[in-house]
Amino acid sequence: MSVWAAVDRLVDRATDPAALRAHGLQLLAARRWRAVGRPIPTELLADERAAAIAALAAPLVLARVRAALPGPIVVLKGLEVAARYPDPALRPLGDVDLLVPDTAAAQRALLAAGFEPAEAGAAGEPPRRHHLPPLRWPGSPLPVELHHALRVPPWMSPPTNAELVAAAVPSSTGVAGVLALPPPYHTLVLAAHSWSHGPLSRLLDLIDVSIMMNGVDVSELNALTRAWGMHQAWAMTGQAIDALLFARPAWSWPAHFWAWHLGTVRERTLLEERLVHWLGALRVATMLRAVQVAQSPLKTIATIR
């Protein structure tokens with residue numbers, strides 16, 4: 001079964017447009033429903049229009065960035081992954097994530113070139129945890145985020161920015177001079193970013209990982225997972241992809257528990273959210289770190305009636 005046939009099968013199970021949006025499948029659902037003659041809700045038509053505009057704007061924004069910055073530019077996540085979809089407009093895109101050697105200097109250069117703070121009052125903000133305050137080219141729907149760190153779980157040890165930039169290859173964006181991470185690296189960055197939000201949270205994340213890893217040497221990928229400290233999390237991700245997208249169920253109990261909501265394309269309940277974060281920490285982190293992470297969710301669970 002192909003990834004896209006599996007996505008159609010999952011969409012056919014869905015009954016709630018809000019849940020489809022929560023899983024990032026609203027654009028793929030609209031395509032599917034149009035193909036089978038099913039009415040498309042107004043909100044999904046609006047999502048399609050916004051996605052089409054974003055897909056057209058993204059390379060123009062990226063070209064503006066490329067013209068303003070002298071050094072290497074490495075595109076991360078959404079924009080690079082979208083190039084592997086049947087149509088880039090089928091992949092939701094909320095911003096343009098970039099990795100550069102010197103984020104502060106790049107931010108100044110973009111402001112000097114005409115970019116503006118994307119958020120009111122953000123011009124003087126200090127750096128955020130993973131990126132600088134976003135910028136926007138006037139009239140563009142897509143903000144640009146310059147990353148000084150990858151968003152990964154605290155127990156992971158990814159390469160430094162300098163190592164990632166040094167490993168970069170030409171991107172699939174079609175913009176000359178723009179780089180991307182090699183597919184094995186990008187596959188794990190996508191998986192790690194997903195886990196930073198919680199174990200196996202969204203179907204879109206699994207789809208992105210699956211299409212990015214297509215053609216990647218498995219032995220190279222496994223070596224990277226051990227070097228980056230995400231071997232267990234990667235194993236759970238692979239089990240979920242096999243079961244949900246390729247009908248090859250080989251679940252361990254934690255993966256099955258974490259992915260319970262994915263097969264029915266629904267959102268997790270509050271109790272599930274708390275339990276999943278706690279059990280996720282116990283499974284993939286050291287015991288000491290797991291206890292530290294688990295303290296807050298346990299307090300919250302105790303208040304749920």
Side-chain angles (χ1 to χ4, degrees), residues 58 61-83 93-113 115 117-119 122 125-136 142-173 175-197 205 208-209 212-213 216 220-221 223-231 233-234 237 284-285 289:
V61 171
L62 197 52
R64 294 276 187 182
V65 174
R66 176 66 285 173
L69 301 184
I73 300 170
V74 182
V75 65
L76 297 172
K77 300 183 298 180
L79 188 54
E80 180 69 10
V81 179
L93 189 64
D95 53 31
V96 176
D97 295 294
L98 302 175
L99 188 70
V100 294
D102 187 337
T103 52
Q107 189 94 330
R108 290 193 297 269
L110 291 182
L111 289 169
F115 281 79
E119 302 167 356
E125 281 190 7
R128 301 180 185 183
R129 184 175 179 184
H130 305 103
H131 60 80
L132 298 186
L135 303 177
R136 191 188 304 272
L142 291 174
V144 174
E145 293 183 352
L146 299 176
H147 284 250
H148 48 77
L150 297 176
R151 178 165 180 169
V152 299
W155 36 262
M156 183 179 161
S157 302
T160 65
N161 276 17
E163 291 170 328
L164 292 171
V165 170
V169 298
S171 77
S172 302
T173 61
V175 179
V178 174
L179 304 173
L181 297 178
Y185 282 59
H186 216 156
T187 297
L188 296 189
V189 166
L190 291 167
H193 186 268
S194 176
W195 274 77
S196 73
H197 290 280
D205 298 338
D208 285 353
V209 170
M212 184 57 67
M213 70 181 289
V216 170
E220 181 180 3
L221 205 53
L224 285 177
T225 64
R226 288 187 288 271
W228 293 18
M230 62 174 298
H231 186 65
W234 175 248
T237 302
V284 298
R289 178 59 181 161

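Predicted model, so just to flag it, every value in this text is computed and none were measured.
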Chemist: Can you give me the closest heavy-atom contact between Leu221 and Pro184, atom names plus distance?
Modeler: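 Taking Leu221 first and Pro184 second, the nearest heavy atoms are CD1-O, 3.6 Å.
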
Chemist: Could you give the distance from CG (Leu179) to CG (Leu99), rounded to the nearest 0.5 Å?
Modeler: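 Reported value, rounded in 0.5 Å steps: 10.0 Å.
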
Chemist: Apply the ring-ring contact (aromatic ring centres under 6.0 Å, His included) test between Trp228 and each candidate in Trp155, Trp234, Tyr185; give the one that qualifies.
Modeler: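 Per the ring-ring contact (aromatic ring centres under 6.0 Å, His included) rule, the option paired with Trp228 is Tyr185, out of Trp155, Trp234, Tyr185.
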
Chemist: Taking side chain to side chain donor-acceptor pair (under 3.5 Å) as the definition, give me every residue that meets it alongside Asn161, ordered by chain and number, with sequence neighbours left out.
Modeler: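 Asn161 satisfies side chain to side chain donor-acceptor pair (under 3.5 Å) with no residue once adjacent residues are dropped.
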
Chemist: When rounded to the nearest 0.5 angstrom, what distance separates CD in Glu80 from CG in Asp97?
Modeler: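 So the CD of Glu80 and the CG of Asp97 are separated by 12.0 Å.
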
Chemist: Answer yes or no: is there a donor N or O on one side and an acceptor on the other, between the side chain of Ser157 and the main chain of Gly229, under 3.5 Å?
Modeler: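 Not confirmed, Ser157 side chain does not pair with Gly229 backbone.
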
Chemist: Say you draw a straight line from CG of Leu164 to NE2 of His147; how long is it, rounded to the nearest 0.5 Å?
Modeler: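 If I round to the nearest 0.5 Å, the distance is 12.0 Å.
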
Chemist: With rounding to the nearest 0.5 angstrom, report the CG to OG1 distance, Leu224 to Thr187.
Modeler: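 Here the rounded value is 9.5 Å.
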
Chemist: Please tabulate, one pair per line, all N/O donor-acceptor pairs under 3.5 Å involving side-chain atoms of residues 69-76, not counting sequence neighbours.
Modeler:
none

Chemist: Could you please spell out the steps behind the side-chain contact (heavy atoms from CB on, under 4.5 Å) verdict for Leu132 and His148?
Modeler: CA-CA 7 Å; Leu132 298 186; His148 48 77; 3.9 Å; yes

Chemist: Which pair of heavy atoms, one from Ala191 and one from Val209, lies closest together, and at what distance?
Modeler: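 Nearest heavy atoms, Ala191 then Val209: N-CG2, 3.8 Å.
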
Chemist: Please name the pair of heavy atoms, one in Gln107 and one in Leu146, separated by the smallest distance, quoted to 0.1 Å.
Modeler: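 Taking Gln107 first and Leu146 second, the nearest heavy atoms are OE1-CD1, 3.3 Å.
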
Chemist: Can you name the closest pair of heavy atoms from Ala192 and Pro153 and give their distance?
Modeler: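 Distance-wise, the nearest heavy atoms are O-CD, 3.3 Å.
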
Chemist: Restricting to non-hydrogen atoms, name the atom on Leu62 and the atom on Thr173 that form the minimum distance, rounded to 0.1 Å.
Modeler: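 Between these two residues, the closest heavy atoms are CD2-OG1, 3.7 Å.
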
Chemist: Going from OG1 on Thr103 to CD on Glu145, what distance comes out if it is rounded to the nearest 0.5 angstrom?
Modeler: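 Reported value, rounded in 0.5 Å steps: 12.5 Å.
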
Chemist: Please determine whether side-chain contact (heavy atoms from CB on, under 4.5 Å) holds for the pair Leu79 and Leu142, giving the CA-CA distance in whole Å, both sets of side-chain angles, and the decisive distance to 0.1 Å.
Modeler: CA-CA 11 Å; Leu79 188 54; Leu142 291 174; over 6 Å; no

Chemist: Does Lys77 offer a backbone N or O that forms a donor-acceptor pair with the side chain of His186 under 3.5 Å?
Modeler: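 Such a contact is found between His186 side chain and Lys77 backbone.
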
Chemist: For the side chain of Thr237 and the backbone of Ala233, is there at least one donor-acceptor N/O pair under 3.5 Å apart?
Modeler: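 Pair found, side chain donor or acceptor close to backbone of Ala233.
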
Chemist: Any donor-acceptor pair under 3.5 Å linking the side chain of Arg66 with the backbone of Val175?
Modeler: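 Such a contact is absent between Arg66 side chain and Val175 backbone.
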
Chemist: Gly78 and Leu93: which non-hydrogen atoms are nearest, and at how many Å?
Modeler: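 Of all heavy-atom pairs spanning Gly78 and Leu93, the closest is C-CD1, 3.8 Å.
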
